[in-house]
Amino acid sequence: MRLCLEARQLACERDDRPLFGQLDFALGSGDIVQVEGPNGSGKTTLLKILSGQLGDYQGELFWNGVSLRQNRDHFLANLLYLGHAPGVKAGLTALETLAWYQALAGDIPSEDTSLEALAQWGLAGFEDVPAHQLSAGQQRRIALARLLLQPRPLWILDEPFTAIDRNGVALLESLIQAHANAGGCVVVTTHHRLDIARLGRIRLGVTGE
Amino acid sequence: MWAFIQKLRSPKWFYAIGGKCQPWFWAAALGLIALGSVWGLAFAPADYQQGNSFRIIYVHVPTAFLAQSIFVSMAACGLAFMVWKIKLADMAASVMAPIGALMTFVALYSGAVWGVPTWGTWWIWDARLTSMLILLFLYIGVIALRRAFASLEGGARAASVLAMVGVINIPIIKYSVDWWYTLHQPASFTITGRAAMPMAMWAPLLVMVVGFYCFFIALTLTRTRSEILRREGGKRWVRELVEEGADGL
Amino acid sequence: MNRPNEPQRGADAAVVAMLKRDLMLLLRQRGDVINPLVFFALVITLFPIGISPEPALLAVVAPGLLWVAALLAALLSLDGLFRSDFDDGSLEQWLLAPQPTALLCMAKVLAHWLLTGLPLALIAPLLGVMLALPAGSYWALCVSLALGTASLSLIGAIGAALTVGLARGGVLLSLLVLPLYIPVLIFGSGAVSAAVVGSGLAAHLAILGALLAVALMLAPWAIAAALRISING
């Protein structure tokens with residue numbers, strides 16, 4: 001089965017101000033798409049719509065051919081969304097945070113895979129340190145460790161390169177590439193120039209008023 | 001039914017229909033309130049116990065009725081907005097809230113004024129006045145929550161949820177306050193709690209109540225129409241309307 | 001990677017994880033647990049100073065004072081219920097979990113009640129002694145506060161969810177929530193007063209239980225809806 005997120009005539013206006021309109025695209029296995037546009041063009045809003053958080057849009061979204069509104073549970077079980085804020089609690093350690101995310105998603109928590117994922121993100125030795133003692137970049141790395149820990153076909157990443165160093169950027173790029181090669185699908189916003197082959201683009205705010 | 005709901009999605013349609021209806025409601029409101037006032041204040045017999053001071057009932061009761069009905073209709077609009085995403089319903093709800101708060105205030109104020117000749121004091125923790133006071137706080141909460149949101153859409157949704165939560169709570173609050181009052185003041189005199197008002201007294205009251213409801217509908221129509229123009233100001237039909245010479249502005 | 005993913009465990013695991021996480025966080029931030037209790041004790045200290053130290057007078061007003069002070073203390077703790085989750089982005093993550101949001105909201109409210117409402121109910125008798133509360137009404141105070149604060153947490157969570165995205169949500173929260181607290185206050189302080197005079201206690205507690213049942217039924221949905229509004233507000 002080929003997984004697919006499809007948008008038909010997708011449009012959004014907030015407070016009667018048109019943000020973007022008439023987007024048509026289909027994202028499937030192996031696609032990497034970068035959403036581009038100047039500040040305020042609605043990149044985050046588009047990602048919130050695509051991740052099923054914001055139901056306030058015109059047009060239709062389909063997940064595997066069924067309307068997203070009816071297929072929500074199946075869609076959410078296949079989605080990994082990372083937002084602007086990393087979603088890492090200051091009072092919890094990296095391991096506790098990851099265990100919570102696994103329980104929340106219905107995965108069976110496993111400390112070994114968590115340790116492995118953290119080690120790959122360079123957090124070996126920081127597993128049991130409360131996140132408030134870590135830097136912003138390290139907190140972001142805890143969130144990014146979920147990419148290794150929770151295999152989901154669809155990744156929606158809002159500014160994932162924020163606060164991480166050059167090695168982290170390279171690792172994330174290689175992960176995104178590997179995910180697509182393995183048949184996954186990635187939607188990403190960033191102002192960073194991605195070093196990735198076969199990069200699709202959705203441009204916002206170019207034809208706007 | 002569904003066709004009607006679909007029509008309500010179009011503020012343009014409501015603007016036109018509302019424009020046709022509102023003069024009738026205004027005429028009915030002003031006529032009935034004038035009739036009821038003259039009848040109630042000059043011709044209805046004085047109360048054997050309270051004398052002429054009871055005549056404040058002709059303002060107190062209609063406003064108290066409206067205060068509660070407006071909250072219910074506001075919550076109904078909120079439900080329509082949340083379920084069917086009818087923006088018009090939210091426009092109506094947003095203009096109803098201040099009207100409802102005003103009516104609640106008038107009911108409270110007239111109750112307090114009435115308290116002076118009956119109880120000899122401006123305020124008594126009477127069950128009816130207490131629930132009215134709580135209702136006023138609920139209205140203020142809805143209005144304040146809507147204004148606190150930066151985005152129109154967010155404020156609209158939050159106010160709708162709060163109005164629905166409030167409307168479920170209103171009967172609970174009302175009954176618990178009544179219960180609390182009877183517990184603490186077993187045999188006290190309530191201002192409107194008596195049965196068997198003679199026909200000559202309640203007929204003008206009925207006229208006033210209907211008049212006040214017409215007033216509320218007329219005011220809501222007028223204010224919703226201006227709210228439509230304000231929010232849809234950028235749409236083509238509004239611009240055309242303004243260019244045509246603004247019929248009904 | 002091409003296979004669709006299915007959750008391997010049900011919602012119960014997620015609810016338990018949520019409850020455990022919140023209890024752990026609250027216990028690590030001990031101030032959040034202790035401050036409402038100190039506030040409760042402080043407010044109770046203010047009343048004899050403001051009114052009169054006369055035990056006979058205090059005994060008459062004690063049920064009401066204890067209840068009002070506990071209600072304000074519970075309210076004080078509510079503002080933080082969703083705020084830290086909202087600020088660090090955890091909120092949008094758990095709203096996107098493939099689990100019933102209302103159940104997750106219940107788990108959070110339960111954690112909040114276990115570490116604010118329940119401790120308030122447990123220290124209330126101590127403060128009752130200081131207000132010369134007549135003997136025989138102490139367990140009524142405990143039970144009514146335990147039942148009542150559960151409703152207060154549920155109702156208050158709706159307000160907290162509605163105001164979590166607002167910069168100055170704290171004052172607004174009290175404006176939204178306090179009118180809705182009135183029935184609980186009436187029957188809660190009524191229960192204690194009834195125990196003092198020795199009549200009708202069961203009826204009060206039954207009504208408090210009924211209020212809690214209604215709140216349990218409806219509030220989680222309202223909280224979930226309000227949170228969805230707030231993250232996109």
Side-chain angles (χ1 to χ4, degrees), chain A residues 1-3 14 29-30 45 48-49 51-56 64 72-92 96-97 99-109 130-131 139 143 146 150-154 156 158 178-185, chain C residues 1-33 80 82-101 103-105 107-108 111 165 224-225 227-233:
Chain A
M1 188 163 93
R2 201 182 125 86
L3 293 163
R14 300 216 86 178
S29 298
T45 306
K48 283 193 165 189
I49 291 174
S51 59
Q53 294 184 69
L54 191 58
D56 197 23
N64 291 348
R72 192 177 158 81
D73 285 342
H74 184 265
F75 171 72
L76 289 182
N78 286 283
L79 166 72
L80 188 62
Y81 168 84
L82 296 184
H84 260 280
V88 173
K89 284 230 86 74
L92 294 182
E96 286 164 347
T97 302
W100 178 68
Y101 274 117
Q102 286 188 307
L104 208 58
D107 299 342
I108 291 165
Q139 293 191 11
R146 292 176 57 206
Q150 299 184 289
R152 297 287 181 274
L154 177 60
I156 295 184
D158 194 358
H179 185 62
N181 292 344
C185 171
Chain C
M1 202 57 71
N2 218 347
R3 287 191 323 277
N5 175 62
E6 292 291 339
Q8 290 143 311
R9 297 197 300 169
D12 49 336
V15 168
V16 171
M18 192 70 156
L19 183 64
K20 259 172 64 185
R21 181 192 78 140
D22 270 36
L23 289 176
M24 201 150 69
L25 282 169
L26 276 169
L27 289 174
R28 282 183 192 170
Q29 283 283 323
R30 256 173 239 130
D32 289 355
V33 180
F82 299 113
R83 192 165 295 278
S84 82
D85 275 8
F86 180 83
D87 289 340
D88 64 25
S90 315
L91 181 61
E92 55 182 5
Q93 290 295 338
W94 66 262
L95 286 179
L96 274 180
Q99 313 288 356
T101 310
L103 276 183
L104 297 177
C105 294
K108 276 194 84 75
L227 286 175
R228 291 233 165 75
I229 294 163
S230 281
I231 58 160
N232 294 317

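All values below come from the heavy atoms of this structure, side chains included, with hydrogens, waters and symmetry mates left out. Convention: sequence-line order gives letters A, B, ...; per-chain numbering from 1.
Shortest non-hydrogen contact noted between A:Arg72 and C:Leu95 is NH2-O, 4.3 Å. Closest approach of C:Ala13 and A:Ala103 over heavy atoms only: O-CB, 4.3 Å. The minimum heavy-atom distance between A:Gly91 and C:Arg28, with the atom names listed, is O-NH1, 2.7 Å. Heavy atoms only, all atoms of each residue included: A:Leu76 and C:Ala97 are closest at CD1-O, 4.0 Å.
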When the side chains of residues 80-87 of chain A are checked against the rest of the protein, which donor-acceptor pairs come out under 3.5 Å, sequence neighbours left out?
residue	atom	partner	partner atom	Å
A:Tyr81	OH	A:Gln53	NE2	3.4
A:His84	NE2	A:Thr44	OG1	3.3

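A:Lys89 touches chain C through backbone and side chain together, each having a heavy atom under 4.5 Å away. Within the 4.5 angstrom heavy-atom criterion, only side-chain atoms of C:Leu104, from C-beta onward, approach chain A. At a 4.5 Å heavy-atom cutoff, the contact between C:Leu96 and chain A is made by backbone and side-chain atoms alike. Residue C:Asp85 touches chain A through both its backbone and its side chain, counting heavy-atom pairs closer than 4.5 Å. Using a 4.5 Å cut-off between heavy atoms, C:Met24 touches chain A through its side chain atoms alone.
Between chain C and the residues A:Thr97, A:Leu54, A:Thr45, A:Asp73, the largest count of heavy-atom pairs under 4.5 Å involves A:Leu54.
Atom-to-atom distance recorded for A:Ile49:CD1 and C:Asn232:CG is 9.0 Å, nearest 0.5 angstrom.
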